[in-house]
Engineer: 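Can you read through this structure? Questions will come right after.
Just so it is clear: chains get the letters A, B, ... in the order the sequence lines come, proteins before strands, and each one is counted from 1.
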Amino acid sequence: MEKITLSVHNLKKVIGKKEIIKGISFDLKEGEVFGFLGPNGAGKTTTIRMLVGLIKPTSGRIQIGGYNITENFEEAMKHLGCIVENPELYPYLSGYDNLLHFANMLDGIGKERIKEVTELVGLKDRIHDRVKTYSLGMRQRLGIAQALLGRPKVLILDEPTNGLDPAGIREMREFIRFLAEEEGLSVLVSSHLLSEIQLLCDRVAIISRGTVIKIDSVHNLLSNRERVVWRFHPIEEGKRVLRSVTAIDEREDGFITTEYDEIKTAEWNKLLVEAGVSVTEMNRKMPVLEDLFLELTGGDSIE
Amino acid sequence: MNKLIQNEMMKLIAKKRLIVIAIIIGILVAMFTYAQFKEVERQREKLGTDDWRTMIQQTIIDQQNRISSARISDEWKQQLQIALQQNQYYLDHDINPSEPGAPTFMRIFLENSIELFIPLMVMVIASDIVSSEHSQGSIKLLLTRPVKRWKVLLSKYITLAFAISLIVAIAGILSYGISGLVFGYKGWGAPVLTGFSVTDAGLDTAGVKLINQWQFLLMDFGLVWFVAIVVGTLSFMLSVLIRSTAAGMGVMLAALISGAILSNMVSSWESAKYFFMVNLKLTNYMNGNPPPIEGMTLSFSMLVLLVWWAIGLFVSFLVFTKKDVY
Ligand SMILES: Nc1ncnc2c1ncn2[C@@H]1O[C@H](COP(=O)(O)OP(=O)(O)OP(=O)(O)O)[C@@H](O)[C@H]1O
Ligand SMILES: [Mg+2]
């Protein structure tokens, strides 16, 4: 059995009179990237703040590396590296001094390790400049370097690609995969973008309004949910042909969508062509979060 | 713990606040030195001599004139009376209360800055030391390390205590160094009187003792340091309670200034003596100036400040270790 590095059980948080997190449970396994997917205001950041010890859970249990974080804070935190929202390091210190600062807060982490993580995130050239002068991407990297200093087992990143350009996002994604696959870290990543989670994660928890709606592997969640978008003419004839083999949806913009299946779709295309319908466009489309939500919650829309 | 303190020192130094404070103190001292120098010069011109006995004689005459003037309040009259008696005592015992020289300047500077100036400088550092972590967001990184929160806060408090000691030391060194250029560096052994006590009947000189200036200065420094630590701790508490550095500073500033104003006008509002800010002028007790409210003594004021200090520290640690960080 795979080792569980982070375990969350029936976590709740009440702020004021409002219950913001209404009982969340999940486990992280060694070497996996776990996605935390939900729309704005779902409670992702609030949950993460509880996981890293910034706010106290109203009830529930959190264990990191086997240690309960309320009872054994120091031991638990030794196994954790994190960035909550943006990595807000000290702008008036150099990148190196920032790392030194946080290394000082860890036992047995010295200059060697600082050098190691600096090279790992590729900041060697600018590490002695003040953080003030860094670009957002460089700050993200320094944030990651800081999180990795203590050789954690669990890495928690809240919206790690926030504000990065496409190249930066891809780089970050590859880096996170590398950490999980090569270094065996468990990584928890939150996001409100399905596309991102899909490319990055092994498993995903979908949360909405403070509850987990579903936890599943990305593969299970998305297969059978991909659609094909068609455009053809004459349109009525084409619809008639498709309707005879599958269910179709008409979109307002004149596109027709059907389910996606590698083999069947090719056959339908053949049928259309044989019936004298010219197919001008045929696109495979990933489901978007909204659609997934609609399906999972049975029409209950996003807050 | 050492490493945590090292961290805080690193941040303190990188912010360059201490340097700014040193510069401000330097400029102020230079200004006061010049003012003092002008004053001495003016006196000399007016009286045609620089014999201090003549000068004190003149001051006593001035004070007598003012006391007999009808326009001033009884309270003010009483204060003048006390000052006059004190001057008379100095004269009678042939002791110069303002022996020229850097040590005397330093003493006067400390006595005048204990209430507002030094606390302000201390506040600049203390009110930012925790709240800046909040406003920058770095608190999220600081509190997610395998270090208990009270240790993080303690390292900050120790650093603050160190910075405060440094500020007091800087004030001493600069006021000695700069004023010495003008007045000379001698005068450590000059005799100073202490132990005047103010009673209903006026000035009581029964307990008056003669001590060396350096001894007096040592006590002054102790008192200044104590006041600075208390004010620093209260600013520290505000820094924990209020996320915004500016708001924290504003509250403390209002308290300090109201203290300076209140001391001059609360003599009939007796319970005001439990405010920390009317108790800051500890050096007054040393040279026998009447307290802002009747019945206040050195030990009373120190006790009040000590209680405020303990509350400040307790609240800081309680809130910091318990509160949710958003
Ligand atoms: N300090 C607070 N006081 C009151 N309500 C809060 C507080 N912090 C968060 N909330 C509420 O909790 C809910 C969840 O917020 P949270 O920041 O966890 O969302 P999120 O999933 O991280 O969203 P986003 O994708 O926008 O970052 C929101 O409805 C928010 O209004
Ligand atoms: Mg968030």
Engineer: Checking A:Glu75 against chain B: side chain, backbone, both or neither under 4.5 Å from a heavy atom?
Structural biologist: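 Neither part.
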Engineer: Let me confirm one number: the CD-NE2 distance from B:Gln6 to A:His101, rounded to the nearest 0.5 Å.
Structural biologist: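 Reported to 0.5 Å precision, the distance equals 10.5 Å.
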Engineer: Taking atom CG of A:Leu93 and atom CD1 of B:Ile13, what is their separation to the nearest 0.5 Å?
Structural biologist: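 One gets 10.5 Å once the value is rounded to the nearest 0.5 Å.
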Engineer: Select, from B:Ser155, B:Pro146, B:Gly137, the one with the greatest count of heavy-atom pairs under 4.5 Å involving chain A.
Structural biologist: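 Most heavy-atom pairs within the cutoff with chain A belong to B:Pro146.
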Engineer: What's the separation between atom CG in B:Leu141 and atom CG in A:Leu54, rounded to the nearest 0.5 Å?
Structural biologist: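 CG of A:Leu54 is found 9.0 Å from CG of B:Leu141.
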Engineer: Please step through side chain to side chain contact (heavy atoms under 4.5 Å, CB included) for the pair B:Thr144 and A:Met77, ending with a clear verdict.
Structural biologist: CA-CA 7 Å; B:Thr144 53; A:Met77 296 315 275; 3.9 Å; yes
Engineer: Does A:Asn104 use its side chain to pair, donor to acceptor, with the backbone of B:Asn7 at less than 3.5 Å?
Structural biologist: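 Not confirmed, A:Asn104 side chain does not pair with B:Asn7 backbone.
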Engineer: Could you walk me through whether B:Lys151 and A:Met105 satisfy the side chain to side chain contact (heavy atoms under 4.5 Å, CB included) test, starting with their C-alpha distance in whole Å, then the side-chain angles of each, then the deciding distance to 0.1 Å, before giving a yes or no?
Structural biologist: CA-CA 11 Å; B:Lys151 284 188 189 163; A:Met105 300 183 79; over 6 Å; no
Engineer: Report yes if some heavy atom in the side chain of B:Tyr326 is under 4.5 Å from a heavy atom in the side chain of A:Ile15; otherwise report no.
Structural biologist: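 B:Tyr326 vs A:Ile15: side chains touch.
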Engineer: Drop me the distance from A:Asn98's CG to B:Met10's CE, to the nearest 0.5 angstrom.
Structural biologist: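 Between atom CG of A:Asn98 and atom CE of B:Met10 there are 7.0 Å.
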Engineer: Look at A:Lys13 together with B:Asp324 and state whether they make a salt bridge at an N to O cut-off of under 4.0 Å.
Structural biologist: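 Between B:Asp324 and A:Lys13 there is a salt bridge, with a charged N closer than 4.0 Å to a carboxylate O.
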Engineer: Working to the nearest 0.5 angstrom, can you tell me the gap between B:Lys16 NZ and A:Tyr92 OH?
Structural biologist: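 So the NZ of B:Lys16 and the OH of A:Tyr92 are separated by 11.5 Å.
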Engineer: Answer yes or no: is there a donor N or O on one side and an acceptor on the other, between the side chain of A:Arg49 and the main chain of B:Val325, under 3.5 Å?
Structural biologist: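 Checking the backbone N and O of B:Val325 against the side chain of A:Arg49, a donor-acceptor pair under 3.5 Å is found.
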Engineer: Find the distance between NZ (B:Lys11) and OH (A:Tyr90) and round it off to the nearest 0.5 Å.
Structural biologist: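 Separation between the atoms: 3.0 Å.
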Engineer: For each of A:Ile55, A:Asp97, A:Thr46, tally heavy-atom pairs with chain B at distances under 4.5 Å, and name the one with the top tally.
Structural biologist: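 Greatest number of close heavy-atom pairs with chain B: A:Ile55.
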